[in-house]
Enquirer: 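Got a structure here, written out as structure tokens. Questions coming.
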There are 4 protein chains.
Amino acid sequence: MANTMKTLDKIEKKKYIAEKTLELISKKGLANFTMEDVAVACNVSKGSLYNYFKNKNALIIAAFSALMEKMLSFFEEKISEPESDSLEKSAEIYTQIYSEILSSFPSGDLLRLLEILLNSTHDPSMMQTLTKTFKEYYNKILSNFEKIFKSKSSALMLQAMFDGLVIYKAFGVEISDEEIEENVRKIVLCLAK
Amino acid sequence: MANTMKTLDKIEKKKYIAEKTLELISKKGLANFTMEDVAVACNVSKGSLYNYFKNKNALIIAAFSALMEKMLSFFEEKISEPESDSLEKSAEIYTQIYSEILSSFPSGDLLRLLEILLNSTHDPSMMQTLTKTFKEYYNKILSNFEKIFKSKSSALMLQAMFDGLVIYKAFGVEISDEEIEENVRKIVLCLAK
Amino acid sequence: MANTMKTLDKIEKKKYIAEKTLELISKKGLANFTMEDVAVACNVSKGSLYNYFKNKNALIIAAFSALMEKMLSFFEEKISEPESDSLEKSAEIYTQIYSEILSSFPSGDLLRLLEILLNSTHDPSMMQTLTKTFKEYYNKILSNFEKIFKSKSSALMLQAMFDGLVIYKAFGVEISDEEIEENVRKIVLCLAK
Amino acid sequence: MANTMKTLDKIEKKKYIAEKTLELISKKGLANFTMEDVAVACNVSKGSLYNYFKNKNALIIAAFSALMEKMLSFFEEKISEPESDSLEKSAEIYTQIYSEILSSFPSGDLLRLLEILLNSTHDPSMMQTLTKTFKEYYNKILSNFEKIFKSKSSALMLQAMFDGLVIYKAFGVEISDEEIEENVRKIVLCLAK
DNA sequence: GATGAATGAGCGTTCATTCAT
DNA sequence: AATGAATGAACGCTCATTCAT
């Protein structure tokens, strides 16, 4: 533990720090974590951090990338190749996927994604960088769903709905899982048509 | 300007300050606006602010309420009474409403809403208060759409999709308005069935 | 309660405020009570306080006087005229008085007295005023004991010892009441000789 | 002066800062000295202070310890080994010691000790810490006198008297040194019997 | 490259005092 | 005389960043 980082090369160290930072952002919040926190978590001196990242924002950007990477892995793991023969059957499969995701998805990640993104809104250069990363990864995530719908817009709109629902859930709007599942089934079917 | 506030009573002043704060949060960000900023914007001393709000968080809560109020007004204004005779016709009407909203909606407001909400995530008591306000207003907004769908879950899911799309748009995901409109039409139709 | 002060004349009101202030100093500490606290405790506006006292220091001085008055009353009540015929007998009487006082004395008052006095140390004009009041009252208190000892210095030294013991007790120095009593008896006897 | 602290190690620096703080408390008062004052006095930035002390209270506690240390040194230096053969002789010796102490004692130190202690009265955790330190050192001081009296309570009561007299002197109660000396002689004699 | 003490600008909050009503 | 909103100076404390070692 004490020398976890000692054996890593510079790129690996950057990644290690970024991931620890992400954990801290999740635990304490973007506005509340400090460089000191990061240094302690990485068992490194505060000054050393600046050998890897120009400043705090650069560190946040790296943490954001780590987060997007994590989310992409999650989705790619969930979505195996569809290979459906009938429309109804594939609709059912996708409904299952969505429902499963909605219940098992670590919504904290999405919340953190949005927290970082939204706080960047007021710093143009920061926002530009994050937006670029965000688009890249989101397109990759969506491309998995596109295979199903044969339509990018359909995949995107269902994904948007999915994101919205996660937020609602997080902030206490009561939603019946059964009704959602039923509606998703309907929507998938009609969109795939 | 110099004595804008002089003629207002205490409740009006609170509202005035909350609205100015909301403007500042929009302009500078939740993490970056200061009590000093608010004081200057309101042409009032920093100390005076504390005659109206116990602390900065109380001010943020008030600004959040002002924001929700504003959003509610927006939606209530957009949604006129349905009065449809056929399913297809009403589907068309609602599609129009959604499309119009999506294009005219001041997405900054939704972004700000989420920014405030997400930053509260790490402060339980703050989050509890904001969540309460959020649910209250969102239920009111949704109730307008419920009239259309006769189903709360359908309204909610379309609203979730709407929110998600606003976020995507804000962060650079390209979406064709026509495709969205077409898909909304489909979804409304199949959900209303 | 709400109009306790309404029927009082100005001098009585000053006294009333001073006494409430003294209570607040005891409860919250000299460094921690605010003019706001006093106003609330007296059911009076903050501004009104300044019609009775020039500033906070003047209020503290008045509270100090109220405290000295209270202490004087306490001692005068305790010390009835001695009227002893033998030395041993009067020594016993005085020992009893001291012991009783030491166990029943509301040491908080003495602590408050010292708190106010010691904090004034760094403000010459304040200290001068308080010192004057202090001497006045302490001489009166001591004069009661002088009757017993026929010696001012003896009374004063026993009183000094008494004050010291109260402080020690307050700050956790363990003292056996029996030993103290025994020693006081010895000292009174030898000093009265 | 500019780099007085540069050559010291961390522990020495803490001590240096604590002592400077003690000076400031003596000069300006516990309620009036600021962290800024301390920083300037130590020729250090305000922020640096917080590398050595968690907060202002921690600094006050350290200053208090420094003060107690100083007082202990004073007493230990004054009290030489007794080595008396007759009661009268040793009584005389101790009387001399007390008188000398009473006239040479830097009463400001005792006043400061009490100022700090009394102001802590309203902050339980602070009081607990200071009380602990106070008892520790006072027991050490008293133990020196115990050797003389072979009685803890006698030593303690004379010490209490001594403290009381210092306070009285500070606040203008007139006392004749000769009478005090004479009385101390009597008391020592009768207590030692 | 690594360290961590030092910095200093900045922030939220408090509160005695004033003054228009 | 009474009010209480307004003031503004001050304070304790934080923290990203720097730099001598």
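Every heavy atom of this structure was used, including side-chain atoms; hydrogens, water molecules and symmetry mates were not. Computed from a predicted model, the values in this text were never measured in an experiment.
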Enquirer: Could you let me know what F:dA20 is paired to, Watson-Crick or G-U wobble, both distances under 3.5 Å, or none if it's on its own?
Expert: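 E:dT3 - that is the nucleotide pairing with F:dA20, both distances being under 3.5 Å.
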
Enquirer: Rounded to the nearest angstrom, tell me the gap between atom CG in B:D9 and atom P in E:dT21.
Expert: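 In whole Å, E:dT21 P lies 17 Å from B:D9 CG.
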
Enquirer: Nearest whole Å is fine: how far is F:dC13 P from D:F53 CZ?
Expert: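 Rounded to the whole Å, the gap is 13 Å.
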
Enquirer: Could you check how far CG of A:L30 sits from C1' of F:dC15, rounded to whole Å?
Expert: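 These atoms are roughly 15 Å apart.
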
Enquirer: Does F:dA5 have OP1 or OP2 under 4.0 Å away from a side-chain N or O of B:Y50?
Expert: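 No.
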
Enquirer: Measure from CG on C:N32 to P on E:dA16 and round the result to the nearest Å.
Expert: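 Whole-Å distance recorded here is 11 Å.
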
Enquirer: Tell me which nucleotide among F:dC15, E:dA16, E:dA6 gets nearest to the side chain of A:T34.
Expert: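 Given the options F:dC15, E:dA16, E:dA6, the side chain of A:T34 is closest to F:dC15.
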
Enquirer: Under a 3.5 Å cut-off for both contacts, is E:dG12 paired Watson-Crick or G-U wobble with anything, and if yes, with which nucleotide?
Expert: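 Its partner is F:dC11.
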
Enquirer: Does the Lys NZ or Arg CZ of C:K10 fall within the cation-pi geometry relative to C:Y52 - under 6.0 Å from the ring centre and within 45° of the axis?
Expert: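 Verdict for C:Y52: a cation-pi partner in C:K10.
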
Enquirer: Under 4.0 Å from OP1 or OP2 of F:dA5: is there any side-chain N or O of B:K10 that close?
Expert: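 Yes, such a contact exists.
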
Enquirer: Could you state the CG-C1' distance from C:N55 to E:dT18, rounded to the nearest angstrom?
Expert: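 Rounding to the nearest Å, CG of C:N55 and C1' of E:dT18 are 13 Å apart.
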
Enquirer: Starting at atom CD of A:E36, determine the distance to atom P of E:dA5, rounded to an integer number of angstrom.
Expert: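 The distance from CD of A:E36 to P of E:dA5 comes to 10 Å, rounded to the nearest Å.
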
Enquirer: Starting the side chain at C-beta, find the nucleotide from E:dA6, F:dG12, E:dT3 nearest to A:S48.
Expert: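 Looking only at heavy atoms from C-beta outward on A:S48, the closest nucleotide is E:dT3.
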
Enquirer: Would you give the length of the straight line joining atom OG of A:S65 to atom NZ of A:K132, rounded to the nearest 0.5 angstrom?
Expert: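 Between atom OG of A:S65 and atom NZ of A:K132 there are 9.5 Å.
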
Enquirer: Would you say a side-chain N or O of C:K46 is under 4.0 Å from OP1 or OP2 of F:dG4?
Expert: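 So the side-chain polar atoms of C:K46 never come under 4.0 Å of the phosphate oxygens OP1 or OP2 of F:dG4.
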
Enquirer: Pick the closest DNA chain E nucleotide for C:N57 and for B:D37 by heavy atoms, then say which residue is nearer the 5' end.
Expert: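 Counting from the 5' end, the first nearest nucleotide belongs to B:D37.
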
Enquirer: For A:L24 and F:dC15, what is the distance between atoms CG and P respectively, to the nearest whole Å?
Expert: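 It is 13 Å, rounded to the nearest whole Å.
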
Enquirer: Please report the interatomic distance CG(C:N119) to CG(C:L130), rounded to the nearest 0.5 Å.
Expert: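 So the CG of C:N119 and the CG of C:L130 are separated by 10.5 Å.
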
Enquirer: Got a second to check how far B:E36's CD is from B:L49's CG, nearest 0.5 Å?
Expert: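 So the CD of B:E36 and the CG of B:L49 are separated by 9.5 Å.
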
Enquirer: In terms of the nearest nucleotide of DNA chain E, which residue is placed more toward the 5' end: B:K54 or A:L49?
Expert: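 Nearer the 5' end of the strand: A:L49.
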
Enquirer: Does C:S45 put a side-chain nitrogen or oxygen below 4.0 Å from OP1 or OP2 of F:dA2?
Expert: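 False: C:S45 side-chain N/O out of range (4.0 Å or more) of F:dA2 OP1/OP2.
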
Enquirer: Would you call D:L113 and D:D109 a side-chain contact if the rule is heavy atoms closer than 4.5 Å?
Expert: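 Heavy-atom side-chain distance check fails, nothing below 4.5 Å.
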
Enquirer: Among the nucleotides E:dA5, F:dA16, F:dT3, which one has an atom lying closest to any side-chain atom of D:N51?
Expert: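 Within the option list, the nearest is E:dA5.
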
Enquirer: Could you give the CE-to-C1' distance, from D:M35 to E:dA6, as a whole number of Å?
Expert: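 In whole Å, E:dA6 C1' and D:M35 CE are 15 Å from each other.
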
Enquirer: Using a cut-off of less than 4.0 Å, is there contact between a side-chain N or O of B:Y52 and OP1 or OP2 of F:dA5?
Expert: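 So the side-chain polar atoms of B:Y52 never come under 4.0 Å of the phosphate oxygens OP1 or OP2 of F:dA5.
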
